[in-house]
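Position 1 is the first residue of the sequence; numbering continues from there.
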Amino acid sequence: MYYKEYGAEHSKMIVFIHGGGVSGWMWDQQVAYFSQRYHCMIPDLPEHGKSRGDGLKFSIDTAADQLIELIEEKRKGRTVAAVGFSLGSQVLISMLGKKEDLIQYAMINSALVKRIPFANMLNQTMIMALPLVKNRTFAKAQAKALDISDVYFNQYYQETLQINKQAFMRVMNDNASFTLPSSFHTYPHKILATVGEKEKKIMKDSMKEMTHSNPNVQGIIFPKIGHSAPLSAPDLFNRLLEEWMENNTIIDEIKKEA
């Protein structure tokens, strides 16, 4: 698995796990903010970014195992925080289920943990639309919806062009069928679960399922934001994460889950 490291090597480690269809570059604003005080590690998931072509096929389970191994190698007894987004949040949840003492702070952003009804039918429809996904005009609209700036559009688009049918289906099937592992309910460390105010109901219901499943989970809602919080509001996102990790408090601009 390809990864990059930034920042203070002997400080608290933060691992940032990207979403589906993008790669580690989506965390550039977080790296710029945190790398002066923390040790940041940015992996590319299997069949994404610079991990594409290494021969390992994507699954949430496989990615979780690889990241656990990487963190165990790099942590050197330090406190570890992990931050996931979308597909990366599902990978993070899987990691928490496998190794409860590896990560002391987990920020789970926009994670789907409820099965999508008729997912197989939906995925078949989406695979038929894959050529459209690779259309530059369509990709531009998708990038805008995710608040991917013009600075990163070409990188986003080039990665989109490299998606093949088999990898696309592996990601979509794992994403649509993911549910909380049974061990999540007893996970002993701090978890912050977030969702954007403009996200779909199933995403908000997923956050509520996490907060109701474990008393260590605190839920918050990013106001006026969709499925793109780290990219749409990086300053707000970064301050929230730091204040929560260091002081166990939520900044005033954020809505707490009822």
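- Checked by atom type and distance alone, the side chain of Ser51 never pairs as donor or acceptor with a backbone atom of Met1 at under 3.5 Å.
- Remark: Arg115 is not positioned above the aromatic ring of Phe178, lacking an NZ or CZ atom under 6.0 angstrom from the ring centre and at most 45 degrees off the axis.
- Considering only heavy atoms from C-beta on, Ile251 comes within 4.5 Å of Leu240 through its side chain.
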Trace of the side chain to side chain contact (heavy atoms under 4.5 Å, CB included) decision for Asp61 with Val91: CA-CA 7 Å; Asp61 187 65; Val91 172; over 6 Å; no
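- Sorted by first and then second residue, the pairs that involve residues 70-79 and meet side-chain hydrogen bond (donor to acceptor under 3.5 Å, both in side chains), not counting sequence neighbours, are Tyr3-Lys74, Glu5-Lys74, His39-Arg78, Glu72-Lys99.
- For the pair Met207/Ile221, a side-chain contact is recorded, criterion being any heavy-atom separation below 4.5 Å from C-beta on.
- Side-chain contact check for Glu100 and Ser183: no donor-acceptor pair (N or O, by modelled atom type) lies under 3.5 Å.
- Between the side chain of Thr62 and the backbone N or O of Ser59 there is no donor-acceptor pair closer than 3.5 Å.
- Rounded to the nearest 0.5 angstrom, Asn164 CG and Leu161 CG are separated by 12.5 Å.
- Put simply, the residue from Ile191, Leu241, Ile220, Ile14 that forms a side chain to side chain contact (heavy atoms under 4.5 Å, CB included) with Met107 is Leu241.
- Of the possible donor and acceptor atoms, none in the side chain of Gln29 sits under 3.5 Å from a partner among the backbone N and O of Met26.
- Remark: Glu9 CD is loosely packed, at most 12 non-hydrogen atoms of other residues, nucleotides or ligands lying under 6.0 Å away.
- Side-chain contact between Phe16 and Phe34 is present, with at least one heavy-atom pair separated by less than 4.5 Å.
- There is no side-chain donor-acceptor pair under 3.5 Å between Tyr33 and Asp235.
- Counting heavy atoms from C-beta on, the side chains of Arg37 and Glu242 come closer than 4.5 Å.
- Shown here is Lys204, whose NZ atom has more than 12 heavy atoms of other residues, nucleotides or ligands within 6.0 Å.
- Linking ILVMFWY side-chain heavy atoms closer than 4.5 Å, directly or via other members, places Ile108 and Leu102 in a single hydrophobic cluster.
- Met172 and Val22 fall into different hydrophobic clusters, defined by Ile, Leu, Val, Met, Phe, Trp and Tyr side-chain heavy atoms under 4.5 Å apart, directly or through other members.
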Only pairs under 3.5 Å count here: list side-chain donor-acceptor contacts from residues 137-150, not counting sequence neighbours, and write none if there are none.
| unit_1 | atom_1 | unit_2 | atom_2 | d |
| --- | --- | --- | --- | --- |
| Asp147 | OD2 | Ser232 | OG | 2.4 |
| Ser149 | OG | Val151 | N | 3.4 |

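- Without hydrogens or angle criteria, Lys134 side chain to Ile163 main chain gives a donor-acceptor distance under 3.5 Å.
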Kindly indicate, with the supporting measurements, whether the criterion salt bridge (charged side-chain N to carboxylate O under 4.0 Å, His left out) is fulfilled by Lys12 and Glu246. CA-CA 11 Å; Lys12 180 184 295 181; Glu246 298 301 334; 3.2 Å; yes
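- Looking only at distances, no side-chain donor or acceptor of His18 sits under 3.5 Å from a matching main-chain atom of Trp25.
- Summarising the geometry of Leu92 relative to Ala106, their closest heavy-atom pair is CD2-CB, 4.2 Å, with the distance given to 0.1 Å.
- The shortest non-hydrogen separation linking Ile60 to Ser94 is CG2-CB, 3.8 Å.
- One hydrophobic cluster, built from ILVMFWY side chains closer than 4.5 Å, holds both Ile68 and Leu180.
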Are Gln30 and Val83 close enough, and set up right, to give a side chain to side chain contact (heavy atoms under 4.5 Å, CB included), and what steps lead you there? CA-CA 10 Å; Gln30 283 67 46; Val83 181; over 6 Å; no
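- No side-chain donor-acceptor contact under 3.5 Å links Ser89 and Asn109.
- For the pair Asn214 (side chain) and Asn216 (backbone), a donor-acceptor distance under 3.5 Å is present.
- Taking the six-membered ring where tryptophan is involved, the planes of Tyr156 and Phe153 are tilted, since the angle between them lies from 30° to 60°.
- Using a 4.0 Å cut-off between charged nitrogen and carboxylate oxygen, Arg52 and Asp44 do not count as a salt-bridge pair.
- Checking side-chain atoms of Ser86 against main-chain N and O of Gly19 turns up no donor-acceptor pair under 3.5 Å.
- Across all their heavy atoms, Ala81 and Met245 have their closest contact at CB-SD, 3.5 Å.
- Placement of Ile116 and Leu87 in two distinct hydrophobic clusters is found when ILVMFWY residues are connected by side-chain heavy-atom separations under 4.5 Å, directly or transitively.
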Let's go through Ile250 and Glu243 carefully: what are the C-alpha distance in whole Å and the side-chain angles of both, what is the deciding distance for side chain to side chain contact (heavy atoms under 4.5 Å, CB included) to 0.1 Å, and is it a yes or a no? CA-CA 7 Å; Ile250 302 299; Glu243 188 67 22; over 6 Å; no
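- Of the possible donor and acceptor atoms, one in the side chain of Glu199 sits under 3.5 Å from a partner among the backbone N and O of Gly196.
- Shown here for Leu112 and Lys114, the closest heavy-atom pair between the two residues is CD1-O, 3.4 Å.
- Residue Glu197 places its CD atom among more than 12 non-hydrogen atoms of other residues, nucleotides or ligands, all under 6.0 Å distant.
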Run Ile71 and Met41 through side chain to side chain contact (heavy atoms under 4.5 Å, CB included) and show every step you take. CA-CA 9 Å; Ile71 293 170; Met41 188 159 65; 4.0 Å; yes
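- Gln66 is listed as a side-chain neighbour of Pro46, based on a closest heavy-atom distance under 4.5 Å.
- Using cut-offs of 30° and 60° on the angle between ring planes, the pair Phe85 and Trp27 is perpendicular.
- Taking the side chain as every heavy atom from C-beta outward, Leu192 and Tyr105 never approach each other to under 4.5 Å.
- Side-chain heavy atoms closer than 4.5 Å link hydrophobic residues (I, L, V, M, F, W, Y) into clusters, and following such links, even through other members, never connects Ile103 to Ile42.
- Listed by chain and residue number, His48 satisfy the ring-ring contact (aromatic ring centres under 6.0 Å, His included) test with Phe58 (two or more places apart in sequence, or in another chain).
- In this structure a side-chain-to-backbone donor-acceptor pair under 3.5 Å is present from Asn238 to Pro234.
- Side-chain atoms of Asp174 and Gln90 form no donor-acceptor pair, as typed in the model, at a separation below 3.5 Å.
- For the pair Ile93 and Pro181, the tightest heavy-atom approach, listed with the atom from each and the gap, is CG2-CD, 3.5 Å.
- Side chains of Ser23 and Glu159: a donor-acceptor N/O pair is present below 3.5 angstrom, by distance only.
- In this structure, Phe222 and Ile254 have side chains that are in contact, with non-hydrogen atoms separated by less than 4.5 Å.
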Run the numbers on His185 and Tyr187 for ring-ring contact (aromatic ring centres under 6.0 Å, His included), then give the verdict. CA-CA 6 Å; His185 308 293; Tyr187 188 75; over 10 Å; no
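- Between Phe184 and Val217 there is a side-chain heavy-atom pair separated by less than 4.5 Å.
- The pair Arg170-Glu47 meets the salt-bridge criterion, since a charged nitrogen lies less than 4.0 angstrom from a carboxylate oxygen.
- Remark: side-chain polar atoms of Ser228 are not paired, donor with acceptor, to backbone N or O of Leu231 under 3.5 angstrom.
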